[in-house]
Amino acid sequence: MMLRRKLYLGVLLGAILFLMIAAHTIQKAGIVPITVLPSHHNVKIPTMNQTQLHPITEPRRGHSCSCTSCIADAGVSMWFDQHYDHKQKPYLTGRHDDIDLPSLKWWLSLQSSDGTIEDVTKKMFKIISPPPKDKIPRQNQCRKCAVVGNSGNLSKSKNGALIDSHSAVFRMNKAVTVGYEEDVGNRTTHHFLYPESAIDLRPGVHLVLLPFKLKDMQWLSSALSTGEIKMTYMRVKNLVKAEKDKVMVVNPAFFKYTHDKWTERHGRYPSTGIVAIIFALHLCDEVSVFGYGADKQGNWHHYWENNRYAGAFRKTGVHNADFETEIIHRLSTEGKIKLYR
């Protein structure tokens with residue numbers, strides 16, 4: 001009986017010793033025992049034919065938003081990090097520190113206007129409301145935006161439903177949707193314009209003024225109230241249908257930031273199209289871009305135009321279409337936008 005008990009204890013001690021040696025061997029090999037794997041669904045058991053055994057995970061959600069990947073996440077693209085400044089204020093808020101002096105001087109030099117920025121903005125914010133502060137932390141949101149240009153390459157694209165599926169849709173200038181819904185969609189949440197490109201907006205759409213001069217802000221105040229300004233350097237629409245509490249005015253300092261950091265001072269100043277994309281990079285977490293550049297035959301025209309050889313944008317001397325196109329393609333290559341052609 002005593003001998004049997006000794007044999008039993010010997011076997012038991014041997015088994016315990018074996019398990020201890022096996023566990024030590026597994027730990028040294030870097031293999032995590034299945035029993036201690038976290039139960040999170042992103043963690044998968046490593047396969048034995050890997051040279052270096054690490055858990056395989058699905059793409060994790062970004063730090064700066066709740067999307068799978070977020071534009072503002074640093075460390076993804078060194079080139080992007082060198083250009084992107086998250087501290088930039090995309091639109092005016094009515095605060096005295098909205099515009100720094102060097103940016104203001106540069107902006108005022110673009111086109112001459114009468115008046116002072118203080119007087120003009122003070123009057124403007126009596127007519128429009130300062131944009132409300134977003135009280136929801138960006139880390140809890142996933143804002144997917146479509147920026148829709150007016151290029152002829154939208155023709156026969158059938159991207160309308162895809163464009164409309166985004167939570168925000170940015171359009172600009174004379175963008176036409178009626179009759180072109182299959183290719184360009186019909187939703188608009190933000191419409192970029194200036195006096196010379198102004199149109200009436202549907203209810204619920206944010207008018208986003210891109211001011212090139214003080215006169216543009218003066219026009220905005222007038223167009224939403226008295227309608228007294230009918231001329232800038234050309235005849236303009238004196239009254240505009242838009243909701244005053246949904247108006248946003250691009251900050252002249254943001255305009256200069258786009259010129260300095262993104263278009264790198266190519267051209268006299270950036271186009272509405274590139275400003276709209278950079279604006280979206282600061283407001284959105286994922287950005288898809290449609291309707292930019294020449295069509296497949298290399299023609300520059302608007303998708304609603306019959307003249308496919310108009311090329312007005314490329315011929316203008318104030319913007320550099322080719323360099324702006326390079327920037328857009330680089331943003332796509334670096335994974336910061338999805339570019340649809």
Side-chain angles (χ1 to χ4, degrees), residues 88-93 107 110-111 124 128 131 143-151 154 163-164 166-177 180 184-213 215-221 223-224 232 236-237 240-259 262-263 267 269-284 287-293 302-304 312-313 316 318-319 321 324-325 327-328 331 337:
Q88 289 293 325
K89 301 174 182 177
Y91 48 80
L92 295 177
T93 64
W107 179 72
L110 296 180
Q111 299 183 38
M124 183 176 70
I128 66 172
R143 308 173 192 180
K144 299 185 179 184
C145 304
V147 181
V148 187
N150 296 326
S151 167
L154 275 172
I163 289 170
D164 285 347
H166 291 76
S167 53
V169 180
F170 295 11
R171 300 186 194 271
M172 59 208 70
N173 299 331
K174 302 284 187 181
V176 180
T177 56
Y180 300 91
V184 307
N186 62 5
R187 285 188 65 239
T188 305
T189 61
H190 297 71
H191 198 114
F192 286 77
L193 53 78
Y194 46 90
E196 296 79 21
S197 69
I199 61 171
D200 291 330
L201 302 182
R202 289 179 290 185
V205 177
H206 292 266
L207 188 162
V208 185
L209 176 73
L210 178 55
F212 294 90
K213 52 191 179 296
K215 187 84 169 182
D216 293 351
M217 293 186 192
Q218 294 167 329
W219 166 84
L220 178 67
S221 300
L224 295 174
T232 55
V236 294
K237 190 174 175 62
V240 171
K241 291 180 182 178
E243 296 183 24
K244 296 177 184 178
D245 63 343
K246 286 186 167 56
V247 175
M248 304 170 79
V249 179
V250 176
N251 191 335
F254 190 82
F255 198 20
K256 186 176 188 296
Y257 154 69
T258 304
H259 183 58
W262 290 99
T263 57
Y269 48 80
S271 70
T272 306
I274 194 69
V275 172
I277 291 176
I278 305 304
F279 191 92
L281 293 179
H282 284 261
L283 260 65
C284 310
V287 172
S288 299
V289 174
F290 303 82
Y292 276 68
H302 299 133
Y303 61 82
W304 63 83
F313 172 65
T316 184
V318 294
H319 311 308
E324 290 189 4
T325 299
I327 295 298
I328 294 167
L331 283 167
I337 65 171

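As a basis for the values below, the full set of heavy atoms in this structure was taken, side chains included, without hydrogen atoms, waters or symmetry mates. The model shown is predicted, which means the values in this text are computed figures rather than measured ones.
Residues satisfying the side chain to side chain contact (heavy atoms under 4.5 Å, CB included) test with Thr325, not counting sequence neighbours, are Trp300, His329. Taking Arg143 as the reference, Asp134 meet the salt bridge (Lys or Arg N to Asp or Glu O under 4.0 Å) condition, with sequence neighbours excluded. In terms of the salt bridge (Lys or Arg N to Asp or Glu O under 4.0 Å) criterion, residue partners of Lys89 (sequence neighbours excluded) are, by chain and number, Asp97. For Thr272, the side-chain hydrogen bond (donor to acceptor under 3.5 Å, both in side chains) criterion is met by no residue, not counting sequence neighbours.
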Does the pair Phe290 and His166 meet the rule for a side chain to side chain contact (heavy atoms under 4.5 Å, CB included), with working shown? CA-CA 12 Å; Phe290 303 82; His166 291 76; 4.1 Å; yes
Met217 and Leu92: CA distance, side-chain angles, deciding distance, side chain to side chain contact (heavy atoms under 4.5 Å, CB included) verdict: CA-CA 11 Å; Met217 293 186 192; Leu92 295 177; 3.7 Å; yes
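For the pair Pro131/Tyr91, a side-chain contact is recorded, criterion being any heavy-atom separation below 4.5 Å from C-beta on. Taking the side chain as every heavy atom from C-beta outward, Phe279 and Leu281 never approach each other to under 4.5 Å. When side chains are defined from C-beta on, Thr189 counts as touching Phe170, because their heavy atoms get closer than 4.5 Å. Between Ile274 and Trp262, the closest side-chain pair of non-hydrogen atoms is not below 4.5 Å. You'll find the side chain of Met172 reaches within 4.5 Å of the side chain of Val147, heavy atoms only. Using a 4.5 Å heavy-atom threshold, the side chains of Pro90 and Leu283 count as touching.
With rounding to the nearest 0.5 Å, the separation of OG1 in Thr258 from NE2 in His282 is 7.0 Å. To the nearest 0.5 Å, atoms NE2 (His191) and CD1 (Ile199) are separated by 3.5 Å. Rounded to the nearest 0.5 angstrom, Glu243 CD and Leu207 CG are separated by 10.5 Å. Once rounded to the nearest 0.5 Å, the distance linking NZ of Lys215 with CG of Leu220 reads 13.5 Å. Taking CG of Leu154 as the reference point, atom NE2 of His302 lies at 11.0 Å (rounded to 0.5 Å). Rounding to the nearest 0.5 Å places CZ of Arg171 at 9.0 Å from CG of Asn150.
A donor-acceptor distance shorter than 3.5 angstrom exists from the side chain of Asp164 to the backbone of Arg187, with no hydrogens or angles considered. With hydrogens and angles ignored, the 3.5 Å screen pairs no side-chain donor or acceptor of Asp216 with any backbone N or O of Pro195. Listed for the His190 side chain is no donor-acceptor partner under 3.5 Å among the backbone atoms of Val205. A side-chain donor-acceptor contact under 3.5 Å links Ser167 to the backbone of Lys144. Proximity of a side-chain donor or acceptor of Gln88 to a complementary backbone N or O of Tyr257 within less than 3.5 Å is not detected.
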Would you give me the side-chain donor-acceptor pairs under 3.5 Å for residues 247-256, sequence neighbours excluded?
residue : atom : partner : partner atom : Å
Asn251  : OD1  : Ala253  : N            : 2.9
Asn251  : ND2  : Asp98   : O            : 2.9
Lys256  : NZ   : Asp260  : OD2          : 2.5

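Using the six-membered ring where Trp is involved, Tyr269 and Phe212 have ring planes that are tilted, between 30° and 60° apart.
Of all heavy-atom pairs spanning Leu193 and Ala198, the tightest one is CD2-CA, 4.1 Å. Nearest heavy-atom pair, Tyr292 versus Ala276, reported as atom, atom and distance to 0.1 Å: OH-CB, 4.2 Å. Of all the heavy atoms in Tyr303 and Thr177, the pair that sits closest is OH-N, 4.4 Å. Looking at every heavy atom in both residues, Cys284 comes nearest to Val287 through CB-CG2, 3.8 Å.
For residues 197-207, the pairs satisfying salt bridge (Lys or Arg N to Asp or Glu O under 4.0 Å) are Asp200-Lys237, with sequence neighbours left out.
The residue from Leu331, Ile277, Val148 that alone fulfils the side-chain contact (heavy atoms from CB on, under 4.5 Å) condition with Val289 is Ile277.
Ion pairing of Lys213 with Glu196 is present here, as a side-chain N (NZ or NE/NH1/NH2) and a carboxylate O approach within less than 4.0 Å.
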